[in-house]
Structure formats: C-alpha cells, structure tokens
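Here is the structure we will look at, set down as structure tokens.
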Amino acid sequence: MAQFLSKPFGMTPNGEKINEYIISNPGGLAVSVLNYGCIIKNIWVPTKRGPVDVVLGHDTYADYVKDFESSGSTCCGAFVGRYANRIGGARFELGGKEYRLTPNEGENLLHGGAEGFDRRLWGFTTGEDSVTFRRTSPDGEEGFPGKLEVSVTYTLKEGCLTMDYRATTDADTVVSLTNHSYFNLAGQKGGPVTDHVLTVRADRYT
C-alpha cells in the first residue's frame, strides 16, 4: 500500500495555500505533485546508489512563477490546457463561428493562453494511492467556448505512475491536455539526455 504525505509549499499573492503531496510505495518509487498547476515536482526512482529524481523541477513557488512568467517559459512539470501546443493567430472556427483567443506568443496562443491551467490553483481530493485535482474552466476563459469541467488523477500503484485526464463540456469546444515534464533518467544532474531512447506506441504523431 502506498504512503501519502502532505506538506505546505508556499502561498499565492492572494493568500491561497499551495500544498505538496508525496505518494510513495514500498518498492521505493515516489512522486511529488503540487496543487498549483498540477505540477509533477519530483519522481524518485530506486537505484543501486539510492533514490534518483528523474524529472526536472523547482524548489520554491517563486521559482515556478519566475519560470512561467518568463518569455522562455518551460511550463516545467505542469498540466497544460485548455489547449496544449499552439493555435495559430489565436483564433479558430467551430460550428461556423470564429473564436478569438488570448495571444501569448506573438500572434499565437500557446499552451492555453496567458493564464493557462499551468498557472491555476486546483481543488483536490486524495485516495490511498492517488491525488485528483479538479477545476472548472468557465465559458470564455482565454476565449475558449463552453464551461469545461476538468480533472487529472495521479496514481502510484504497483511500481507505476499513471496520469488520468478527464474533461466534460456544456458546449462544442476544443481541448488538448498534456503534462509538460522534462525527464532525465540519470537524474536531474545526470548530464545530457542524448543517449536516451523514446518509444511511442502510436499510429500517428505530430
């Protein structure tokens, strides 16, 4: 059975508490996530030389804010939405109607706009081996149509970390959700990743 630990991570300028949740299992695998941006802060993997953190992350809330507000933001470890990747010209047509979005990369919308999911504080519930983050994206947020009820569940079970995304809407809209973690299987200070091999089990990719 997994072990669960919750501890404070900081506070927003509005006085809202940011929490860090650490789930670990007896085999030594552990994950740390934040209710700010649903960020995966750490993934510790057991090795012969001890636990190794295989994802990049920051140590403080201020570091994440500095990253996300920079022109070269990495969205480090965050849950990206409503729309991952770019929408050219920050506009799209759906059902014969044009929707104008909030541009945040020149004329384009990138990763959900100026205030995407990565910069939001999320509500949460916990289970024996999981934590679920939820929020309601109101109709018109960043220009997107429809109220979107969205959640992501991080589960650590049987030596495996899974991410389960769910979203429902009350109107036709576009949705593209992803996680923006950066992995280095040799650890955060393990050098370059040029010797890593990635296998994608998919018929198509972009």
- Looking only at heavy atoms, what is the nearest atom pair of Val55 and Ser181, with distance? CG1-CB, 4.4 Å

- Task: Report yes or no: does Thr47 contribute a side-chain atom to a donor-acceptor pair with the main-chain N or O of Arg49 at less than 3.5 Å?
- Result: yes

- Task: Take Ile87 and Leu101 through the test side-chain contact (heavy atoms from CB on, under 4.5 Å) and record every step on the way to the result.
- Result: CA-CA 9 Å; Ile87 296 180; Leu101 311 174; 3.6 Å; yes

- Using a distance-only test with no angle check, is there a side-chain donor-acceptor pair under 3.5 angstrom linking Glu149 and Thr168? no

- Message: Determine whether Asn108 and Leu110 satisfy the following criterion, side-chain contact (heavy atoms from CB on, under 4.5 Å), listing intermediate values before the conclusion.
- Response: CA-CA 6 Å; Asn108 304 321; Leu110 176 64; 5.9 Å; no

- Query: Do you know which two heavy atoms are closest between Cys75 and Val80, and how far apart they sit?
  - Reply: CB-CG2, 4.4 Å

- Message: On a heavy-atom basis, which atom in Trp122 and which in Gly37 lie closest, and how many Å separate them?
- Response: CD1-N, 3.9 Å

- Query: Looking at His58 and Tyr64, what are the two nearest heavy atoms and their distance?
  - Reply: N-OH, 3.0 Å

- Query: Between OG1 of Thr155 and CD1 of Ile23, what distance do you get to the nearest 0.5 Å?
  - Reply: 7.0 Å

- Glu115 atom CD, over 12 foreign heavy atoms within 6.0 Å: yes

- Query: What are the two closest non-hydrogen atoms of Asp53 and Gln188, and how far apart are they?
  - Reply: OD2-NE2, 2.7 Å

- Note on the structure: The reported gap from OG1 in Thr126 to CG in Asn19 (rounded to nearest 0.5 angstrom) is 11.0 Å

- Item | Heavy atoms from other residues, nucleotides or ligands near CG of Asn14 exceed 12 (cutoff 6.0 Å) | yes

- Task: Would you check, one step at a time, whether the test ring-ring contact (aromatic ring centres under 6.0 Å, His included) holds for Tyr61 with Tyr36?
- Result: CA-CA 9 Å; Tyr61 165 65; Tyr36 174 70; 5.1 Å; yes

- Message: Using a 3.5 Å distance criterion without hydrogens, assess whether the side chain of Arg119 forms a donor-acceptor pair with backbone atoms of Phe68.
- Response: yes

- Message: Check whether Asn35 reaches the backbone of Phe133 with its side chain - one donor and one acceptor, N or O, closer than 3.5 Å.
- Response: no

- Message: For the CG atom of Leu156 and the OG atom of Ser24, what is their distance to the nearest 0.5 Å?
- Response: 7.5 Å

- Item | Atom pair CG/CD of Leu5 and Glu20 - distance to nearest 0.5 Å | 8.0 Å

- Message: For a quick check under 3.5 Å, do Asp67 and Thr74 share a side-chain donor-acceptor pair by atom type?
- Response: yes

- Message: For Tyr99 versus Leu94, what's the shortest heavy-atom pair and its separation?
- Response: CE1-O, 3.9 Å

- Is it true that Glu105 and Arg86 have a side-chain N and a carboxylate O under 4.0 angstrom from each other? yes

- Message: One pair to check against ring-ring contact (aromatic ring centres under 6.0 Å, His included): Tyr21 and Phe124. What are the steps and the verdict?
- Response: CA-CA 10 Å; Tyr21 307 94; Phe124 66 92; 4.8 Å; yes

- Between CG of Asn42 and OG of Ser32, what distance do you get to the nearest 0.5 Å? 4.5 Å

- Message: Given Arg135, which partner from the list Leu121, Val150, Leu148 fulfils the side chain to side chain contact (heavy atoms under 4.5 Å, CB included) test?
- Response: Val150

- Counting only N and O atoms by type, is there a donor-acceptor contact under 3.5 Å from the side chain of Ser130 to the main-chain atoms of Tyr154? no

- Taking atom NZ of Lys97 and atom CG of Asp172, what is their separation to the nearest 0.5 Å? 11.5 Å

- Message: Taking Val33 as the starting point, is it possible to reach Leu177 by hopping between hydrophobic residues whose side chains are less than 4.5 Å apart?
- Response: yes

- Item | Sidechain-backbone polar pair: Asp170 side chain, Lys147 backbone, donor-acceptor under 3.5 Å | yes

- Task: Look at the aromatic rings of Phe144 and Tyr83 and report parallel, tilted or perpendicular, splitting at 30° and 60°.
- Result: parallel

- Query: Would you call Phe4 and Ile22 a side-chain contact if the rule is heavy atoms closer than 4.5 Å?
  - Reply: no

- Query: Does Arg120 come within less than 4.0 Å of Glu141, counting only side-chain N to carboxylate O?
  - Reply: yes

- Message: Please say yes or no: joined through hydrophobic side-chain contacts below 4.5 Å, possibly via intermediate residues, are Ile39 and Ile18 part of one cluster?
- Response: yes

- Message: If we ignore hydrogens and angles and just use 3.5 Å, is the side chain of Glu142 paired with the main-chain N or O of Ala114 as donor and acceptor?
- Response: yes

- Message: Using ring centroids (six-membered ring only for Trp), state whether Tyr165 and Phe79 fall under 6.0 Å.
- Response: yes

- Task: Go through the side-chain N and O atoms of Ser176 and Arg82 and say whether any donor and acceptor fall under 3.5 Å apart.
- Result: no

